[in-house]
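Encoded as structure tokens, the structure appears first; notes follow it.
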2 protein chains.
Amino acid sequence: MNKRPTILDVARHAGVSKSTVSLVLQNSAAVKASTRAAVEKAMVDIGYVYNRSAAGLRGASSGLIGLVINDLRNPFFTEFAASIQMTFARKGFSTVIANTDENPDIQATVIASMIEHGVSAFVISPTYAPDLSAFDRLEKSGIPTMQVLRQVDERTDIFPFASLDYMAGSRLATKHLLELGCKRIAFVGGLEDRPVTLERVSGYNELMDAEGRERIYYHGRPSRTFGRDIARRMAREDTRPDGVICFSDLVALGMISGFAETDILPGKDIRMVGFDDIEESSLCFPRLSSIRCDVSRFGENSAQALLNWLEQGDKPEATKRYPVELIVRQSSMRL
Amino acid sequence: MNKRPTILDVARHAGVSKSTVSLVLQNSAAVKASTRAAVEKAMVDIGYVYNRSAAGLRGASSGLIGLVINDLRNPFFTEFAASIQMTFARKGFSTVIANTDENPDIQATVIASMIEHGVSAFVISPTYAPDLSAFDRLEKSGIPTMQVLRQVDERTDIFPFASLDYMAGSRLATKHLLELGCKRIAFVGGLEDRPVTLERVSGYNELMDAEGRERIYYHGRPSRTFGRDIARRMAREDTRPDGVICFSDLVALGMISGFAETDILPGKDIRMVGFDDIEESSLCFPRLSSIRCDVSRFGENSAQALLNWLEQGDKPEATKRYPVELIVRQSSMRL
DNA sequence: ACAAAAAATTGGAACGTTCCATAAACTGAA
DNA sequence: TTCAGTTTATGGAACGTTCCAATTTTTTGT
């Protein structure tokens with residue numbers, strides 16, 4: 001394991017100075033084609049590999065992006081993380097990913113550690129935390145940082161926020177169920193106090209109020225388990241809702257399986273719309289109608305916005321919401 | 001955004017030399033308690049943050065681990081990645097994650113890029129690739145590298161391999177179905193030529209042959225879609241299998257929803273066992289019997305093994321297989 | 001063929017750490 | 001008080017790049 005060759009070895013081997021090699025590395029226009037070729041040949045000949053730490057020391061960008069995710073196991077976030085990471089990779093950036101599991105302490109530590117590693121920018125889907133010291137630290141560090149999917153820090157002028165148009169989605173879903181003639185429409189899932197819940201419920205509230213219909217909430221964790229439990233409970237109720245909007249597809253899928261146990265078939269006995277349109281929703285039975293968020297495109301767009309900030313210096317707008325659409329499938333049709 | 005303070009600023013502020021500050025940083029025993037306290041105070045006072053690039057230049061470990069995953073969107077791998085990342089984080093290591101989407105070219109690029117970034121070690125769940133140049137490069141780099149879940153490079157003395165005991169799992173599942181009295185047991189999913197498939201099918205082959213039963217294969221991509229399609233096809237067959245072992249839970253879940261469409265209820269009309277025991281399997285209806293692999297513990301163990309290699313220098317054994325167990329649920333019982 | 005301009009190349013200082021060899025400051029025993 | 005021994009602190013060189021200012025080479029116009 002004899003030391004990695006350096007720029008100097010390359011220079012020696014190609015018969016040029018280290019400065020020239022450096023120029024080649026940053027493919028400067030100032031080096032003659034023939035020289036460049038010679039240098040490049042030397043590099044592969046001796047198996048040179050670039051040392052980013054050394055470059056970073058002199059101020060070059062690290063080409064490292066920090067991605068901090070509150071719940072990486074949730075397929076919605078997984079999809080987002082995978083998509084953003086792959087976009088960065090295509091542009092030559094590596095991504096340091098950390099899952100915080102909704103834990104502010106973990107979040108604070110991983111952010112600190114990423115700063116030490118010299119990440120060039122941050123994308124954070126933050127944990128709801130009482131104190132914002134993590135963000136204060138970020139501000140001081142001066143590292144470009146985007147909040148995505150959850151706006152936790154108010155200072156969107158410093159930490160631009162990008163998300164999806166959940167209000168519109170919720171409006172679409174409610175309108176759809178109303179048009180199908182549903183009388184009692186329930187909203188299932190989502191923790192009551194959370195901003196995301198507020199957003200995903202707002203269109204529902206708006207239209208239900210406009211129609212003078214009763215709002216029916218079943219608030220709770222946006223998980224399969226919760227969905228399943230609510231479905232079982234609902235099956236036993238005397239005046240059961242005839243339409244359900246779920247906080248997320250995970251909840252909806254949980255409900256579908258809960259209903260299956262009690263012989264209720266969404267689409268026939270009750271109408272259901274999910275939220276997110278994860279892959280599984282088009283595969284399950286019955287196929288789940290959902291609000292498509294197209295996370296993977298959202299990931300690409302966010303990545304691109306961040307790169308523009310980093311490379312061209314144009315900061316993303318303070319708040320950006322990408323559009324969503326309603327996908328109608330079996331769960332909200334007469335079968 | 002005035003330059004980050006350096007070790008020198010801390011020294012000045014605490015009235016000691018930079019060397020002393022460096023010693024404090026590596027908490028050396030050679031510095032007096034009072035001095036250490038003073039230095040530490042100075043650090044928080046001026047908001048010092050450690051510069052790992054600079055340290056790395058002098059040979060210090062980067063504290064960065066490269067994690068390369070062939071399919072990050074598959075919940076099995078997501079769980080693994082999340083678990084291993086969080087274990088590293090607890091030990092003060094950051095994790096650079098890349099999804100290769102089964103693409104050898106992407107795999108090669110991300111590995112190269114991680115080497116540039118100076119990762120201290122690699123954990124790779126590799127893509128099946130015709131050429132092993134990526135591994136050759138790794139070997140030359142001398143960076144400790146573990147293969148997990150898929151053994152692609154034969155040189156396990158160089159790249160220790162850790163996985164789960166799939167053969168045992170497949171034996172457990174088959175034995176279970178045989179004991180339930182199944183006569184025609186099919187194996188569904190898994191690409192025919194793949195080593196993983198061979199492993200997951202081996203116990204099935206062994207026991208079926210021992211019993212003199214016919215082997216029935218439905219090979220294909222280990223996805224929900226494939227499972228659903230096979231279930232539909234199976235529903236139309238005249239001599240339908242009465243027992244099914246799936247390559248993965250994803251396939252099994254796909255089959256469950258495919259069967260649901262044709263009014264076949266696993267556990268009543270057919271018996272089914274999945275493989276992996278992802279979270280959803282205990283939540284779906286009917287609950288899916290499965291071979292529990294406990295990926296998240298596997299992740300922790302692998303992380304720990306790698307850290308021991310890195311820090312104590314003891315290389316993991318060339319091949320390690322962690323045990324699996326059969327979890328019996330509704331899908332393989334009379335309801 | 002010559003100067004001037006343009007293009008291509010170069011040496012050296014700097015970046016923020018670590019580590020070695022050395023120095024300074026303390027101990028306690030003679 | 002002195003000296004050896006021990007504990008603690010220090011200056012300086014090194015790590016592999018980038019970038020500036022300076023230099024050399026090539027091109028252009030006359």
Side-chain angles (χ1 to χ4, degrees), chain A residues 1-40 42-43 46-64 113 115-120 141-142, chain B residues 1-40 42-43 46-64 113 115-120 141-142:
Chain A
M1 213 211 299
N2 31 10
K3 271 194 324 78
R4 302 206 311 203
T6 85
I7 214 185
L8 264 160
D9 301 312
V10 178
R12 210 147 27 224
H13 206 264
V16 297
S17 79
K18 63 177 177 24
S19 305
T20 306
V21 179
S22 174
L23 289 178
V24 169
L25 245 17
Q26 319 162 61
N27 42 64
S28 148
V31 13
K32 201 161 49 172
S34 60
T35 319
R36 152 156 312 147
V39 170
E40 274 162 354
M43 298 212 260
I46 67 175
Y48 168 75
V49 351
Y50 186 59
N51 183 332
R52 287 190 117 94
S53 297
L57 199 47
R58 270 302 307 208
S61 146
S62 67
L64 254 195
S113 148
I115 296 182
E116 284 189 2
H117 279 290
V119 298
S120 309
S141 77
Chain B
M1 211 211 302
N2 31 12
K3 273 197 319 79
R4 304 209 308 205
T6 83
I7 215 185
L8 265 160
D9 301 310
V10 177
R12 208 147 28 224
H13 205 264
V16 298
S17 78
K18 64 176 176 26
S19 305
T20 306
V21 179
S22 174
L23 289 179
V24 169
L25 245 18
Q26 318 163 61
N27 44 61
S28 146
V31 16
K32 202 162 47 171
S34 60
T35 319
R36 154 158 313 158
V39 171
E40 274 162 354
M43 298 213 259
I46 66 174
Y48 168 76
V49 350
Y50 186 59
N51 183 331
R52 284 190 121 94
S53 298
L57 198 47
R58 271 301 308 210
S61 147
S62 68
L64 255 193
S113 151
I115 297 182
E116 283 190 3
H117 279 289
V119 299
S120 310
S141 76

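None of these values were measured; they are calculated from a predicted model. Computed from heavy atoms alone, side chains included, the values below leave out hydrogens, waters and symmetry copies. We name chains A, B, ... by the order of the sequence lines, and we start the count at 1 in each one.
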dT10(D) P sits how many Å from R12(B) CZ, rounded? 14 Å
Among dT10(C), dG11(D), dT18(C), which is the nearest nucleotide to the side chain of S17(B)? dG11(D)
When every non-hydrogen atom of Y48(A) is compared with those of P5(A), the smallest separation belongs to CD1-O, 3.4 Å
Categorize S19(A) for me: base, sugar-phosphate, or nothing, with a 4.0 angstrom heavy-atom threshold over every strand shown. base
Could you tell me the separation between the CG atom of L8(B) and the P atom of dA14(C), rounded to a whole number of Å? 13 Å
Rounding to an integer number of Å, can you tell me how far K18(A) NZ sits from dT17(D) P? 11 Å
Whole angstrom is fine here: how far is it from CG in L57(B) over to P in dA14(C)? 17 Å
I need the E40(B) CD to T35(B) OG1 distance, nearest 0.5 Å. 11.0 Å
Mind checking whether V24(A) and M43(A) have side chains closer than 4.5 Å, heavy atoms only? yes
Any side-chain donor paired with an acceptor under 3.5 Å for S17(B) and T20(B)? yes
Would you say that R12(B) contacts I46(B) through its side chain, given a criterion of any heavy-atom pair below 4.5 Å between the two side chains? no
Are OP1 or OP2 of dA9(D) and a side-chain N or O of T20(B) less than 4.0 angstrom apart? no
d(CD1, I7(B); P, dC15(C)) in whole Å: 14 Å
Could you check T6(B) against K18(B) for side chain to side chain contact (heavy atoms under 4.5 Å, CB included), going step by step and ending with a plain yes or no? CA-CA 9 Å; T6(B) 83; K18(B) 64 176 176 26; over 6 Å; no
Are S22(A) and dT18(D) close enough that a side-chain N or O sits under 4.0 Å from OP1 or OP2? yes
Once rounded to the nearest 0.5 Å, what's the spacing between atom NE2 of H117(A) and atom OG of S53(A)? 10.0 Å
Taking CE from M43(A) and P from dG16(D), how many angstroms apart are they, rounded to a whole number? 17 Å
Which whole-number value in Å describes the distance from E116(A) CD to dG16(C) P? 15 Å
Near DNA chain D, under 4.0 Å by heavy atom, which residues of residues 23-38 of chain A? Q26(A)
Once hydrogens and angles are ignored, does a donor-acceptor distance under 3.5 Å link the base of dT18(D) to the side chain of R58(A)? yes
